[in-house]
Amino acid sequence: MKAFSETAWEIFNQAITDYHLADDVDTPANNPFQKESLEHLLYAKNWIDTVQWHLEDIIRDEKIVPEEALKIKRRIDASNQQRTDLVEFIDSWFLTKYENVTPDNNAKINTETPAWAVDRLSILALKVYHMALEACRETATDEHRSKCREKLNVLLEQKNDLTTSIDQLLADIENGKVKMKVYRQMKMYNDESLNPILYQKAK
């Protein structure tokens with residue numbers, strides 16, 4: 001049986017590859033997986049990350065028109081909220097999966113939920129993809145490509161460690177060794193009732 005982290009890594013790379021067919025931040029996602037499935041959530045999560053990765057590139061153009069930069073900043077804020085929502089959906093999926101597991105009396109509580117670890121894996125997939133491009137970019141210097149290959153090797157080692165950790169965490173939750181506990185992020189900056197700049201302006 002394929003490990004969860006291996007499946008997630010494959011889905012993330014599928015989303016990244018699909019995005020780069022058009023390589024356009026306005027291209028709508030064409031999620032190939034069944035709605036409500038974990039695979040659908042993982043694909044959607046990485047698509048958001050991939051679009052945001054490129055929005056972050058665009059907004060750093062020193063020649064960008066300020067009005068356009070502001071629009072992109074607002075879009076990145078909205079993307080961050082979508083990203084958080086999807087992470088919480090994924091955690092809800094895991095909570096349902098393990099709802100009948102009774103944790104051991106001495107079960108530990110992990111500092112990170114499965115979905116937030118998966119969030120880091122999604123970003124890592126993007127780092128690996130783009131660093132691999134830089135390691136092979138013909139217009140770059142030999143020194144640049146060499147440094148990028150070194151960085152790529154570190155990223156791949158990190159990928160091995162992170163995927164192992166995720167699978168171990170899920171196994172520990174399933175076996176009752178770790179108690180899964182989720183705290184919603186409760187982000188404040190997008191909430192008109194919590195962000196003082198927004199609620200003062202509304203008076």
Side-chain angles (χ1 to χ4, degrees), residues 4-5 7-33 35-94 112-135 137 148 151-152 154-156 158-159 162-163 166 182-192 194-195 197-198:
F4 164 77
S5 66
T7 298
W9 187 258
E10 290 177 357
I11 292 171
F12 293 156
N13 280 281
Q14 180 177 350
I16 292 168
T17 299
D18 290 348
Y19 171 86
H20 284 94
L21 293 175
D23 201 4
D24 186 336
V25 293
D26 294 317
T27 301
N30 184 20
N31 197 318
F33 298 101
K35 286 187 176 181
E36 311 301 327
S37 69
L38 179 59
E39 291 81 3
H40 190 278
L41 292 174
L42 293 172
Y43 186 98
K45 169 71 178 67
N46 184 266
W47 187 274
I48 288 172
D49 293 338
T50 303
V51 171
Q52 186 167 329
W53 177 285
H54 291 278
L55 289 173
E56 296 280 6
D57 281 347
I58 293 169
I59 204 170
R60 284 166 174 76
D61 182 352
E62 293 181 355
K63 297 181 181 179
I64 193 170
V65 177
E67 290 79 8
E68 183 63 23
L70 181 59
K71 288 180 183 177
I72 294 175
K73 177 63 173 68
R74 295 282 186 264
R75 188 170 172 181
I76 290 172
D77 284 346
S79 176
N80 276 323
Q81 187 64 58
Q82 290 178 318
R83 167 177 166 260
T84 299
D85 291 345
L86 261 174
V87 169
E88 293 183 349
F89 285 144
I90 294 169
D91 264 336
S92 294
W93 189 95
F94 282 118
E112 186 176 54
T113 65
W116 281 109
V118 167
D119 172 70
R120 291 198 292 127
L121 187 64
S122 176
I123 302 301
L124 186 58
L126 281 160
K127 290 181 179 180
V128 168
Y129 177 89
H130 288 282
M131 193 63 71
L133 290 180
E134 288 299 311
R137 181 160 61 90
C148 288
K151 292 178 181 178
L152 179 59
V154 174
L155 291 171
L156 291 173
Q158 186 179 356
K159 178 249 182 180
L162 182 54
T163 52
I166 289 171
V182 174
Y183 291 95
R184 304 302 174 188
Q185 291 298 300
M186 304 180 200
K187 287 187 178 293
M188 300 174 69
Y189 57 78
N190 285 329
D191 191 325
E192 292 184 3
L194 297 174
N195 181 332
I197 299 298
L198 297 180

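Just so it is clear, the structure is predicted and the values come from calculations on it, not from any experiment. All heavy atoms count here, side chains included; hydrogens, waters and symmetry mates do not. For this chain, numbers begin at 1 and follow the sequence in order.
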Between Asn13 and Trp9, is there a donor-acceptor pair closer than 3.5 Å when you use the side chain of the first and the backbone of the second?
yes

Thr50 and His20: CA distance, side-chain angles, deciding distance, side-chain contact (heavy atoms from CB on, under 4.5 Å) verdict
CA-CA 9 Å; Thr50 303; His20 284 94; 4.3 Å; yes

Does some side-chain heavy atom of Thr84 sit less than 4.5 Å from a side-chain heavy atom of Trp116?
yes

Regarding Arg120 and Glu112, does a basic nitrogen lie under 4.0 Å from an acidic carboxylate oxygen?
yes

Ala69 to Ile59 - nearest heavy-atom pair and separation
O-CD1, 3.5 Å

Spacing of CG belonging to Asn31 relative to CG belonging to Asp18, to within rounding of 0.5 Å
9.5 Å

Supply the atom-to-atom distance Glu36 CD to Leu41 CG, rounded to the nearest 0.5 angstrom.
7.5 Å

Should Pro114 and Asp91 count as side-chain neighbours, where that means a heavy-atom distance under 4.5 Å?
yes

Heavy-atom count check: over 12 atoms from other residues, nucleotides or ligands less than 6.0 Å from Lys159 NZ?
yes

Counting C-beta onward and ignoring hydrogens, is there a side-chain heavy-atom pair between Val51 and Arg75 closer than 4.5 Å?
yes

Measure the CG-NE2 distance between Asp57 and His130 for me, rounded to the nearest 0.5 Å.
7.0 Å

Does the pair Leu86 and Gln82 meet the rule for a side-chain contact (heavy atoms from CB on, under 4.5 Å), with working shown?
CA-CA 6 Å; Leu86 261 174; Gln82 290 178 318; 5.9 Å; no

Between Ser92 (side chain only) and Glu88 (backbone N and O only), is there a donor and an acceptor less than 3.5 Å apart?
yes

Flag the pair Cys148 / Arg137 as yes when at least one side-chain heavy-atom distance between them is below 4.5 Å, and no otherwise.
no

Report yes if the side chains of Phe94 and Val182 come closer than 4.5 Å at any heavy-atom pair, otherwise no.
no

Shortest non-hydrogen separation from Ala117 to Leu162 and the atoms involved
O-CD2, 4.2 Å

Is the gap between the ring centers of Tyr129 and Tyr19 under 6.0 Å?
no

Nearest 0.5 angstrom please: Phe12 CZ to Thr7 OG1, how far?
10.5 Å

Looking at Glu56 and Arg60, is any side-chain nitrogen of the basic one under 4.0 Å from a carboxylate oxygen of the acidic one?
yes

Distance from Ile166 atom CD1 to Leu121 atom CG, nearest 0.5 Å?
4.5 Å

Can you tell me how far apart OG (Ser122) and CD1 (Ile16) are? Round to the nearest 0.5 Å.
6.5 Å

Quickly, which of Val128, Val118, Asp49, Asn46 forms a side chain to side chain contact (heavy atoms under 4.5 Å, CB included) with Ile123? Name it, please.
Asp49

Residue pair Trp93 / Leu42, side-chain heavy-atom distance below 4.5 Å:
no

Test side-chain contact (heavy atoms from CB on, under 4.5 Å) on Gln52 and Asn80; report intermediate values, then the result.
CA-CA 8 Å; Gln52 186 167 329; Asn80 276 323; 3.0 Å; yes

Could you go through Gln81 and Asp85, starting from their C-alpha distance and side-chain angles, then the distance that decides it, and tell me whether this counts as side chain to side chain donor-acceptor pair (under 3.5 Å)?
CA-CA 6 Å; Gln81 187 64 58; Asp85 291 345; 3.2 Å; yes

Does Asp23 have more than 12 heavy atoms from other residues, nucleotides or ligands lying within 6.0 Å of its CG?
yes

